[in-house]
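Comments concern the structure below.
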Amino acid sequence: MIDRDFAVCSFGLQGRRFIMAVDKMLVAFDESEGSKKALKTASELAAANPNAHIDLVYVVPIPMLNSDQMASFQSILDLMISDGEDLLAAAASDMGDDVASRTDSLLLTGTNPASEILRLADQREYDMIVIGNRGLSGLKEYTGSVSHKVLAGAKVPVLVVK
């Protein structure tokens, strides 16, 4: 629940209410429906808190390649990076001017998006990570889910939005 009077995130646990100030959020974005919902949720949190700042991150997934393969892959990677930049710009424009003015877009590259998100979270002092859920279930949820890996590896609270 977003408490607009206090611009904080509050939640209940075993009949107790907790309140947490959320001033700096890392929002993972990949254009999936889950990440769009996560961005909307983070935008609502930030809109309720004039001190809130969002780092919107997109990870360009690159395969593990040797140096010869990487040389031939470079032009494809350049296109993927350009597409990622466009994706972040479009996402930021959907946030509303007030929240967008307090948002930085970050583009990362790496072989494992969850690891890159966790590395970024370790380098900066976030109050919360907000990430979407693609709805994987069963074994795929545990072996392939970026949100599950981020949830398991993060040192700060993670809000997984379905």
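Just so you know, these numbers use all the heavy atoms, side chains as well, and skip hydrogens, waters and symmetry mates.
To the nearest 0.5 Å, the span separating CG on Leu26 from CD on Glu125 amounts to 13.5 Å. The structure places CD1 of Ile117 at 9.0 Å from CG of Asn112, a figure rounded to the nearest 0.5 Å. The NZ atom of Lys162 sits 13.5 Å away from the OG1 atom of Thr41 when rounded to the nearest 0.5 Å. From Lys155, atom NZ reaches atom CG of Leu118 across 9.0 Å, with rounding to the nearest 0.5 Å.
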With a 3.5 Å cut-off and sequence neighbours excluded, list the donor-acceptor pairs that the side chains of residues 72-80 form with protein atoms.
residue : atom : partner : partner atom : Å
Ser72   : OG   : Gln69   : O            : 2.9
Gln74   : NE2  : Asp78   : OD1          : 2.9

Name every donor-acceptor pair, under 3.5 Å, that has one atom in a side chain of residues 82-94 and the other anywhere in the protein, sequence neighbours excluded.
residue : atom : partner : partner atom : Å
Ser93   : OG   : Ala90   : O            : 2.7

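The shortest non-hydrogen separation linking Ala154 to Ile129 is CB-CD1, 3.9 Å. The two residues Ser35 and Ala28 have their closest heavy-atom pair at CB-O, 3.9 Å. For the residue pair Ala42 and Met25, the shortest heavy atom distance occurs at O-CE, 3.6 Å. Contact between Ala114 and Lys149 at its shortest, heavy atoms only, is CB-CB, 3.6 Å. Of all the heavy atoms in Ser43 and Val99, the pair that sits closest is O-CG2, 3.7 Å. Between Asp127 and Asp23, the shortest heavy-atom distance links the atoms OD2-N, 2.7 Å.
Judged as a salt bridge (Lys or Arg N to Asp or Glu O under 4.0 Å), and not counting sequence neighbours, the contacts of Lys40 are Glu44. Contacts of Lys37 classified as salt bridge (Lys or Arg N to Asp or Glu O under 4.0 Å), with partners at least two apart in sequence or in another chain: none. Residues passing the side-chain hydrogen bond (donor to acceptor under 3.5 Å, both in side chains) test with Ser147 are Ser145, sequence neighbours excluded.
Judged as a side-chain hydrogen bond (donor to acceptor under 3.5 Å, both in side chains), the pairs with a partner in residues 50-61 (not counting sequence neighbours) are, in order, His53-Asp55, His53-Asp104, Asp55-Arg124, Asp55-Tyr126.
Distance alone, capped at 3.5 Å, is enough to place a donor-acceptor pair between the Asn49 side chain and the Val22 backbone.
Leu108 has its side chain out of reach of Arg119: every pair of non-hydrogen atoms, C-beta onward, lies at least 4.5 Å apart. Taking 4.5 Å as the limit, every side-chain heavy atom of Val59 sits out of range of all side-chain heavy atoms of Asp30.
Here the options are Leu39, Leu106, Val130, the test is side chain to side chain contact (heavy atoms under 4.5 Å, CB included), and the partner is Leu56; only Leu39 passes.
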